[in-house]
Amino acid sequence: MRGLRIGMLLVALAGSLSLGWSAPTAAQSPTSAPVAAEPAKAEPTRVVASFSILGDLVRQVGGDRVAVTTLVGPNGDAHSFVPAPADAQAVAAARLVVVNGLGFEGWIDRLIKASGTKATVVVAAKGVVPIEEDESGQEPSHAHGHDHTIDPHAWQNVANAKRYVVAIRDGLTAADPAGAAIYAANATAYLAKLDALDAEIRTELAAIPEARRRIVTTHDAFGYFAKAYGMRFLAPQGVSSQSEATARDVAAIVRQVRRDKIPAVFLENVSDPRLMQQIARESGAKAGGRVFSDALSEPGGPATTYLDMMRHNVREFVAALKA
């Protein structure tokens, strides 16, 4: 009988071992409190931004809670962009798509429709009071063969960039309510940085005599900047870098640069340099540095964020106009 009881005890012990029981170790005693399992980290919210400047603003507001795919990358020209199948796949997988609006991305509506995405679309420029090309602070010229064209480059006025940030914050909050407090805090902190940037720009440009605040850029990308900060810009191309400047257009600008003694011409990062080189050569104007209009710079460049881009452009303007 005793042998039977011992046998039954061994069977029970073997069963407990098969269920994963093990003897306590030095680091774990039978009286130790159980260690709670670490909660799984939530997957970041997938966001697609149409171009690099918007991508940066989304990252500033979203922080670690977002995974951002930018369709038109650094130094890319959104005016001439042609989406690829991978872009449609990225849009299809997104929970939020952020676009500029104001007609900037002529291809975006077709891409969204073709992707079949269920994502919410945020128009960052919603709430911006648009300006037309002929009221944007551009010098009158013969280079623009169209009238009453809306200027889509609203981010060039920092006050409008603040509207973009608010729209992005609200879109992220709707897509990911659990992150609302984080998005609100990030947006508030970034809006303060934008206020500081706006003050810096005004201080820097105040040192330039008003009569010298006139320059030439490749296309009409700086109308909102001109209107906000008291500058005048002349461009051989319209609000789209795809508009064609004819030989007559270029000749008219060269004459105007000579007549009005416009100090400098600037090449944009999204444009062919040959046109501006020709205008500088024929007009005698100083060739300023490269400025960033529709896209940020490559990593390691001078304009990898919106704040860096605006500061870089102002430094280039001031350096050329002070001379």
Suppose we screen for ring-ring contact (aromatic ring centres under 6.0 Å, His included). Which residues come up paired with Phe317, at least two apart in sequence or across chains?
Phe222, Phe225, Phe233, Phe266
Distance (rounded to the nearest 0.5 Å) between [X] [atom1] and [Y] [atom2]:
{"X": "Leu191", "Y": "Leu197", "atom1": "CG", "atom2": "CG", "value": "12.0 Å"}
{"X": "Leu234", "Y": "Thr217", "atom1": "CG", "atom2": "OG1", "value": "8.0 Å"}
{"X": "Asn186", "Y": "Arg59", "atom1": "CG", "atom2": "CZ", "value": "14.0 Å"}
{"X": "Thr45", "Y": "Asp64", "atom1": "OG1", "atom2": "CG", "value": "12.0 Å"}
{"X": "Ile53", "Y": "Ser293", "atom1": "CD1", "atom2": "OG", "value": "7.5 Å"}
{"X": "Glu105", "Y": "Arg110", "atom1": "CD", "atom2": "CZ", "value": "11.5 Å"}

Between Asp308 and Thr305, do the side chains contain a donor N or O and an acceptor N or O under 3.5 Å apart?
yes
Between the side chains of Asn75 and Glu298, is a donor N or O closer than 3.5 angstrom to an acceptor N or O?
yes
Heavy-atom side-chain contact between [X] and [Y] under 4.5 Å:
{"X": "Val61", "Y": "Leu57", "answer": "no"}
{"X": "Val97", "Y": "Thr120", "answer": "no"}
{"X": "Met231", "Y": "Leu321", "answer": "yes"}
{"X": "Ser50", "Y": "Val72", "answer": "no"}
{"X": "Pro44", "Y": "Val66", "answer": "no"}

Where at least one partner belongs to residues 196-209, residue pairs that pass side-chain hydrogen bond (donor to acceptor under 3.5 Å, both in side chains), sequence neighbours excluded:
Asp198-Arg202, Asp198-Tyr229, Glu200-Arg311
Can a donor-acceptor pair be found, under 3.5 Å and without considering hydrogens, that links the side chain of [X] to the backbone of [Y]?
{"X": "Arg214", "Y": "Glu210", "result": "no"}
{"X": "Glu268", "Y": "Arg290", "result": "no"}
{"X": "Ser115", "Y": "Ile112", "result": "yes"}
{"X": "Thr173", "Y": "Arg169", "result": "yes"}
{"X": "Asp151", "Y": "Glu132", "result": "no"}
{"X": "Asn100", "Y": "Pro152", "result": "yes"}

For [X], side-chain hydrogen bond (donor to acceptor under 3.5 Å, both in side chains) partners two or more places apart:
{"X": "Arg65", "answer": "Asp176"}
{"X": "Gln89", "answer": "none"}
{"X": "Arg163", "answer": "Asn160"}

I'd like to know whether Leu194 forms a side-chain contact (heavy atoms from CB on, under 4.5 Å) with Leu307, so could you lay out the CA-CA distance, the side-chain angles of the two residues, the decisive distance to 0.1 Å, and finally the verdict.
CA-CA 8 Å; Leu194 291 176; Leu307 296 177; 3.8 Å; yes
For [X], side-chain contact (heavy atoms from CB on, under 4.5 Å) partners two or more places apart:
{"X": "Pro302", "result": "Phe292, Ser297, His312"}
{"X": "Val122", "result": "Leu96, Val98, Ala167"}
{"X": "Asp109", "result": "none"}

Which atom names give the shortest non-hydrogen contact between [X] and [Y], and what distance separates them?
{"X": "Arg258", "Y": "Ser283", "result": "CG-O, 3.7 Å"}
{"X": "Arg212", "Y": "Ile208", "result": "CB-CG2, 4.1 Å"}
{"X": "Thr70", "Y": "Gly55", "result": "OG1-CA, 3.9 Å"}
{"X": "Ala295", "Y": "Gly76", "result": "CB-O, 3.3 Å"}

The complete set of salt bridge (charged side-chain N to carboxylate O under 4.0 Å, His left out) pairs with one or both residues in residues 183-196, sequence neighbours excluded, reads Lys162-Asp195
Pairs satisfying salt bridge (charged side-chain N to carboxylate O under 4.0 Å, His left out), at least one member in residues 114-130, at least two apart:
none
Between Ile108 and Val121, is there a shared hydrophobic cluster once you connect ILVMFWY residues whose side-chain heavy atoms come closer than 4.5 Å?
yes
Find out if a path of hydrophobic residues (ILVMFWY) with successive side-chain heavy-atom gaps under 4.5 Å connects Val123 to Val165.
yes
Can you pull out every ring pair (Phe, Tyr, Trp, His ring centres under 6.0 Å) where at least one residue sits in residues 163-189? Sequence neighbours excluded, please.
none
Ring pair (Phe, Tyr, Trp, His ring centres under 6.0 Å) pairs touching residues 83-112, sequence neighbours excluded, are Phe51-Phe104, His79-Phe104, Phe81-Trp107, Phe104-His153, Phe104-Trp155
Test log, rule side-chain contact (heavy atoms from CB on, under 4.5 Å), inputs Leu71 and Val48:
CA-CA 7 Å; Leu71 299 180; Val48 167; 3.7 Å; yes
The test is side-chain contact (heavy atoms from CB on, under 4.5 Å); show your working for Leu54 and Asp56 and say whether it passes.
CA-CA 5 Å; Leu54 278 187; Asp56 175 57; over 6 Å; no
Can you list the steps and then say if Arg255 with Glu282 is a side-chain contact (heavy atoms from CB on, under 4.5 Å)?
CA-CA 9 Å; Arg255 288 195 299 271; Glu282 295 183 9; over 6 Å; no
